[in-house]
Amino acid sequence: MLKAEGLAAFRGERLVFAGLSFAVPVGGALVLAGPNGSGKSTLLRVLAGLCRAEAGELLWDGRAAMADPYEHARRVAYIGHQDAVKPGLTVAENLAFYQCFRTGAATSPHTALAHLGLAELADLPARMLSAGQKRRLALSRLAIGDAPLWLLDEPTLGLDSVALTRFGTMLQAHRDRGGIVVAATHVPLPMDAVGELRLS
Amino acid sequence: MIAILLRELRLSLRHGADTLAALLFFVLAASLFPLAIGPAPETLGRIAPGIVWVCALLAALLPLDRLFGADLEDGSLDQLLLGGLPTAAIALAKAAAHWLATGLPLLLAAAPLAIMLRMPSEAIPALLAGLLPGTLLLSLLGTTGAAIVLGARRGGVLLPLLVLPLTTPVLIFGVAAADAAAGGLSARPHLLLLTAMLAGALPLCPLAAGAALRGAAE
């Protein structure tokens, strides 16, 4: 399980949050809510290990998560604001590159793409994709690895209703396997039994 | 690491125009000298090693601001940092990709360019022997500079100001090697110094660039 105790973080010179504590159980989900600029994205980056927490501690299964940052990085699948899609590569190549980092991942890029209905676009250059399709490609990165901690920043931005349903299935399957989801969002996500953390 | 290298090379092939730009700049800039100075072989041959080196230095700078800039903008840098690789390994892969896509073509184009500039034929092997560690050093120092200015406003302007002073020793010994060979002296001490610099930069530059990358992501 994921546990945070008294987290605090700066963005530039500004203290965005302090004294933040929460726990997400195995198979659980946490939605970060709050107005723009309340530190949702910063918190996700802190949880991913991309930003440093100025104070507090992050625990994974009761042990300090950042004691070995590289091990923590392998636990995390992070989908940020940007899609990290290279327009010069095809859809399948974009995905295959990230598969190299995930040891023990048996899912092929094509299977991962099928999760979000992108399989027939696999050989298309990514520059031809629409904004929503790029988002689906970014989300299908979640399916290639077996990272237990999914950190999602506005994951459903630009998705149509069919893709939203498929994404809901992915989230549920991940939680059934004992995975954890932490998502920052303004719109309700297609999953149930979620905890909410309100930042101000 | 090899995956990053292969991806970078595939991207430089797909964006062939960007990759060729540095090479074409090198050839064009060097071709301007005979037009400006005049085609007299004794003048031109005397300064040819300097022309080739300075033009190679400037050409190697061209692709640097996109080396990490594109990855920072589209979010790929975050994904690379979360790949579980040491940041120094990411920087080393990037430097290797920069050398293969820019340094190696420059090295290959240098010999015909030197002949065109009437360089004494006995100096050409020394020039190329100096450019081999020289271009590798430019890629390593350039990658470090590119990582340091990452995220800075007007990083593209800052980058040459940061990298060019660092490359002056490379330039001095590289040109000295070719000059020594043209004057009938041994180029060996200069080449050894260049190789020694490479041996120092090979572990240090990726470490510095890796630390800068982590800072840029925060």
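All chains are named by letter (A, B, ...) in the order of the sequence lines, taking the proteins before the strands, and each is independently numbered beginning at 1. Any value given below was found using the heavy atoms of this structure, including those in side chains, with hydrogens, waters and symmetry copies removed.
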*Roughly how far apart are A/His72 NE2 and B/Leu82 CG, rounded to 0.5 Å?*
8.5 Å
*Give a yes or no on this: more than 12 heavy atoms of other residues, nucleotides or ligands lie within 6.0 Å of atom CE of B/Met1.*
yes
_Does any backbone or side-chain atom of A/Val46 lie under 4.5 Å from a heavy atom of chain B? Answer side chain, backbone, both or neither._
neither
*So, for A/Cys51 and B/Ala217, which heavy atoms are closest and what is the spacing to 0.1 Å?*
SG-O, 4.5 Å
*Given a strict heavy-atom distance threshold of 4.5 Å, which part of A/Arg75 is in contact with chain B: side chain, backbone, both, or neither?*
neither
*To the nearest 0.5 angstrom, please state how far the CG atom of B/Asp71 sits from the CD atom of A/Gln82.*
11.0 Å
*Give the intermediate values and the outcome of side chain to side chain contact (heavy atoms under 4.5 Å, CB included) for residues B/Arg14 and A/Glu93.*
CA-CA 13 Å; B/Arg14 299 276 161 88; A/Glu93 282 170 347; 3.0 Å; yes
_Check: B/Glu218 and A/Phe10 side chains under 4.5 Å, non-hydrogen atoms_ = no
_How long is the straight-line distance from NE2 of A/His81 back to CG of B/Asp74, given to the nearest 0.5 Å?_
15.0 Å
*Calculate, to the nearest 0.5 Å, the distance between atoms CG and CG belonging to B/Asp78 and A/Asp153 respectively.*
10.5 Å
*Heavy-atom distance under 4.5 Å to chain A: side chain of B/Leu72, backbone, both or neither?*
backbone
_Heavy-atom proximity to chain A below 4.5 Å, by part of B/Leu77_ = neither
*asked:* Whether the side chain of B/Gln79 engages the backbone of A/Tyr78 through a donor-acceptor N/O pair (distance < 3.5 Å, no angle test) should be reported.
replied: yes
*Mind listing the closest non-hydrogen atom pair of B/Leu80 and A/Phe97 along with its distance?*
CD2-CZ, 3.6 Å
*What part of B/Leu13 is in contact with chain A, defined as an atom under 4.5 angstrom from a non-hydrogen atom: side chain, backbone, both or neither?*
neither
_Does atom CG (B/Leu35) have a neighbourhood of more than 12 heavy atoms from anything else shown, all under 6.0 Å?_
yes
_Choice from A/Ala73, A/Pro125, A/Gly80 maximising heavy atom contacts with chain B below 4.5 Å_ = A/Ala73
_Restricting to non-hydrogen atoms, name the atom on B/Ser76 and the atom on A/Lys86 that form the minimum distance, rounded to 0.1 Å._
OG-CE, 3.6 Å
